[in-house]
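Encoded as structure tokens, the structure appears first; notes follow it.
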Amino acid sequence: MDIHPSARIANTAYIDRTWPGGIHIGAGAIVDEEASVLTHDMTRGIYLDTHVGEGSYLGIRAIVMPGITIGKHCHILAGAVVTRDVADGQRVAGNPAKVVNAPKLDHEIAAI
């Protein structure tokens, strides 16, 4: 695993341990309650690197599928299922996750 020391991961988050070498989480990233970061899919027999970029946030129960790259400073909303790469600074929601234009939250504005 390649997890930056400043990343915060909730106790209930699921970081795939089947192929831990594929986990890459950047500085200041947050993986919230019951979110999942996956690196394998046994039904298809694949093991892929999954990246969560610097300063990105994975919301409650969000799922990042194997081989996905989340860019820097992205916001993955609660319950989103990320099946495609997410570009830097994007906010995504839904199943499958799609880019949404939502106003920034007060704590996000303060961090800029």
Side-chain angles (χ1 to χ4, degrees):
M1 288 187 185
D2 174 24
I3 301 175
H4 194 276
S6 66
R8 294 187 302 175
I9 301 172
N11 289 337
T12 59
Y14 177 75
I15 305 299
D16 199 336
R17 288 174 271 160
T18 301
W19 192 56
I23 296 288
H24 307 280
I25 300 178
I30 298 171
V31 181
D32 213 338
E33 300 291 329
E34 298 182 11
S36 298
V37 181
L38 303 174
T39 58
H40 83 287
D41 181 347
M42 288 192 181
T43 61
R44 295 184 290 164
I46 59 173
Y47 299 86
L48 301 168
D49 288 334
T50 304
H51 299 266
V52 177
E54 169 185 321
S56 289
Y57 170 75
L58 299 184
I60 296 169
R61 294 189 176 173
I63 301 171
V64 180
M65 299 302 287
I68 299 300
T69 296
I70 306 283
K72 295 179 181 179
H73 306 288
C74 292
H75 193 135
I76 311 304
L77 297 178
V81 179
V82 184
T83 58
R84 295 184 184 180
D85 290 350
V86 180
D88 292 350
Q90 296 291 312
R91 178 184 302 261
V92 299
N95 179 7
K98 294 184 180 163
V99 175
V100 295
N101 292 323
K104 290 193 179 285
L105 303 174
D106 290 338
H107 73 276
E108 293 176 308
I109 293 169
I112 295 177

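All values below come from the heavy atoms of this structure, side chains included, with hydrogens, waters and symmetry mates left out.
- Between Ile68 and Met65, the closest heavy-atom pair is CG1-O, 3.1 Å.
- As a member of the Ile/Leu/Val/Met/Phe/Trp/Tyr network built from side-chain separations under 4.5 Å, Leu48 groups with Ile46.
- Considering every non-hydrogen atom in both Ala29 and Val52, the closest pair reads CB-CG1, 4.1 Å.
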Please tabulate, for the side chains in residues 38-45, all donor-acceptor contacts under 3.5 angstrom to protein atoms that are two or more places apart in sequence or on a different chain.
from	atom 1	to	atom 2	distance (Å)
Thr39	OG1	Asp16	OD2	3.3
Thr39	OG1	Trp19	O	3.0
His40	ND1	Asp16	OD1	3.2
His40	ND1	Asp16	OD2	2.5
Asp41	OD1	Thr43	N	3.0
Asp41	OD1	Thr43	OG1	2.5
Asp41	OD2	Arg44	NE	2.7
Asp41	OD2	Arg44	NH2	3.2

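- Minimum interatomic distance between Ser56 and Ile70 (heavy atoms only, all atoms of both residues): OG-CG2, 3.8 Å.
- Applying the side chain to side chain contact (heavy atoms under 4.5 Å, CB included) criterion to Ala97, with sequence neighbours excluded, gives Ala80, Val82, Val92.
- Of all heavy-atom pairs between Ala10 and Asp32, the closest is CB-C, 3.6 Å.
- The shortest side-chain heavy-atom distance between Ile15 and Val37 falls under the 4.5 Å cut-off.
- Note that the NE2 atom of His51 and the CD1 atom of Ile25 stand 11.0 Å from one another [nearest 0.5 Å].
- Here the side chain of Asp85 pairs a donor or acceptor atom with the backbone of Thr69 at under 3.5 angstrom.
- Following chains of ILVMFWY side-chain contacts shorter than 4.5 Å, one can reach Ile3 starting from Val64, so the two form part of one hydrophobic cluster.
- Taking the side chain to side chain contact (heavy atoms under 4.5 Å, CB included) definition, one finds that Asp2 meets it with His24, sequence neighbours left out.
- If you chain together ILVMFWY residues whose side-chain heavy atoms come under 4.5 Å of each other, Tyr57 ends up grouped with Ile30.
- Take Ser6 and apply the side chain to side chain donor-acceptor pair (under 3.5 Å) test, not counting sequence neighbours, and it matches His4.
- Under the salt bridge (charged side-chain N to carboxylate O under 4.0 Å, His left out) criterion, the residue pairs touching residues 61-70 are Glu34-Arg61, with sequence neighbours excluded.
- Under a hydrophobic clustering in which Ile, Leu, Val, Met, Phe, Trp and Tyr are joined whenever their side-chain heavy atoms come within less than 4.5 Å, directly or via other members, Met1 and Tyr47 fall into different clusters.
- Hydrophobic clustering of Ile, Leu, Val, Met, Phe, Trp and Tyr side chains at less than 4.5 Å, counting indirect connections, keeps Leu77 apart from Ile60.
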Exercise. For Arg84 and Lys98, run side chain to side chain contact (heavy atoms under 4.5 Å, CB included): C-alpha distance rounded to whole Å, both residues' side-chain angles, the deciding distance at 0.1 Å, then the answer.
Key: CA-CA 9 Å; Arg84 295 184 184 180; Lys98 294 184 180 163; over 6 Å; no
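- Partners of His73 according to the ring-ring contact (aromatic ring centres under 6.0 Å, His included) rule, which considers only residues two or more places apart in sequence or in another chain, do not exist here.
- Pairs of residues two or more places apart, or lying in two chains, never qualify as salt bridge (charged side-chain N to carboxylate O under 4.0 Å, His left out) while including a residue from residues 68-79.
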